[in-house]
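Each ligand, and each atom within it, is numbered from 1 in the order the structure gives. For reference, positions follow the sequence shown, starting with 1. Below, all heavy atoms of this structure are taken into account, side chains as well, without hydrogens, waters or symmetry copies.
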Amino acid sequence: DDQDIQHCFDTAVRIARNAGEVVRVAFHKEKNIDTKSCGTDLVTETDKQVEELIIGSLKKEFPSHSFIGEETVSAGGSCNLTNNPTWIIDPIDGTTNFVHRFPYVAVCIGLAINKKVEIGVIYSCIRDELYTARRGSGAFRNGKQIHCSGLTDISKALVITELGASRELANMEVVNKNFRTVAEPPIRVHGIRMLGSAALNLCSIAEGSADLYYEFGIHVWDIAAAGLIVEEAGGVLLDPSGGPIDLMARRVLAAGSQEIAEKASKHLECIDLPRD
Ligand code: IPD
């Protein structure tokens, strides 16, 4: 019920702040860098340490809940989204930024119940910006309500996308093609940005500082929590094909209006990826 959700929310915020403090301290230090699926898919000791901290703290409070965490899944853990209350965690979204000390890194904590995200907490810990949402209650940055831009003309849009971790050539062809589709006439948007954190890209849509974000190759932990923040800020979250968002399908399109979301989904070429 409502009180339970509020308790989950308060706990998530507290833990995200604690985790963010650990990331912030490690940010300026020497790092031990490793690779995962390929040479551009990075992980550090801090990713693992912070994920253990988050899952450990949540488990103490909610022993019957389920967990999906980026580093646990990388280590062979399950990535099963069931109807059971499931915490979806990315200890450091923007690990490449973290490694390079580019200050866009975020702790992501989402809670899905019956496969629907009910709570989203994103802590941009270097810039000390906390984005939060509860389904049906709006989206907030440091406690102040935020809204999407509502821009409808895609030609006036500021667009965010990413190269993604995998640089497989066949997929890069599509990535580059989509890049040209939005950059060149007739769509020719105002500009294209890459922040290096899917969650903070989504928060940019939520706060109206960008109008469209799309990416192929992300994972459920990159978009679950921040996706709710977009929706609660009045934005649109879709599968890039134009269908409903599928959290496990490794792709996302978010926009500040239905018009831009639909226009983009009509023009973008899609990449099919193995599901989470
Ligand atoms: C990555 C970031 C990046 C996106 C990648 C993600 P990670 O997450 O969100 O912006 O392009 O697809 O994997 O690995 O730093 O948690």
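Checking Asn142 against Tyr131 by side-chain atom types alone, no donor-acceptor pair falls below 3.5 Å. Gln6 and Asp10 form a side-chain donor-acceptor contact under 3.5 Å, judged by distance and modelled atom types alone. Residues Thr44 and Asp47 have side chains that bring a donor and an acceptor to within less than 3.5 angstrom of each other.
Salt-bridge annotation for Lys36 and Glu71: present, with a side-chain N of the basic residue lying under 4.0 Å from a carboxylate O of the acidic one. By the 4.0 Å N-to-carboxylate-O rule, Arg251 lies close enough to Asp272 to be salt-bridged with it. A salt bridge does not link Glu45 to Lys29: none of the charged side-chain nitrogens sits closer than 4.0 Å to a carboxylate oxygen.
At the top of the distance list for atom 2 (C) of ligand 1, counting protein heavy atoms only, stands Asp93 OD1, 3.5 Å. Protein heavy atom nearest atom 13 (O) of ligand 1, with residue, atom name and distance: Asp222 OD2, 3.8 Å. At the shortest separation from atom 14 (O) of ligand 1 among protein heavy atoms lies Glu70 OE2, 3.3 Å. Looking at atom 4 (C) of ligand 1, its nearest protein heavy atom turns out to be Glu215 OE2, 3.1 Å.
For ligand 1, the atoms lying closer than 4.0 Å to a non-hydrogen atom of Ile218 are 12 (O). Taking every heavy atom of Asp90 and a limit of under 4.0 angstrom, the matching atoms of ligand 1 come to 16 (O). Per-residue contacts place Thr95 under 4.0 angstrom from the following atoms of ligand 1 (heavy atoms of the residue considered): 15 (O). Less than 4.0 angstrom separates some heavy atom of Ala198 from each of these atoms of ligand 1: 2 (C), 9 (O), 10 (O). Every atom of ligand 1 is numbered from 1 in the order shown, and the set under 4.0 Å from a heavy atom of Ser197 is 9 (O), 10 (O).
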side-chain hydrogen bond (donor to acceptor under 3.5 Å, both in side chains) between Thr82 and Asn80, worked out: CA-CA 6 Å; Thr82 65; Asn80 230 352; over 6 Å; no
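At least one heavy atom of Ile92 sits less than 4.0 Å from an atom of ligand 1.
For ligand 1, one of its N or O atoms has an N or O atom of Gly196 under 3.5 Å away.
With rounding to the nearest 0.5 angstrom, the CG atom of Asp211 is 6.5 Å from the CD1 atom of Ile205.
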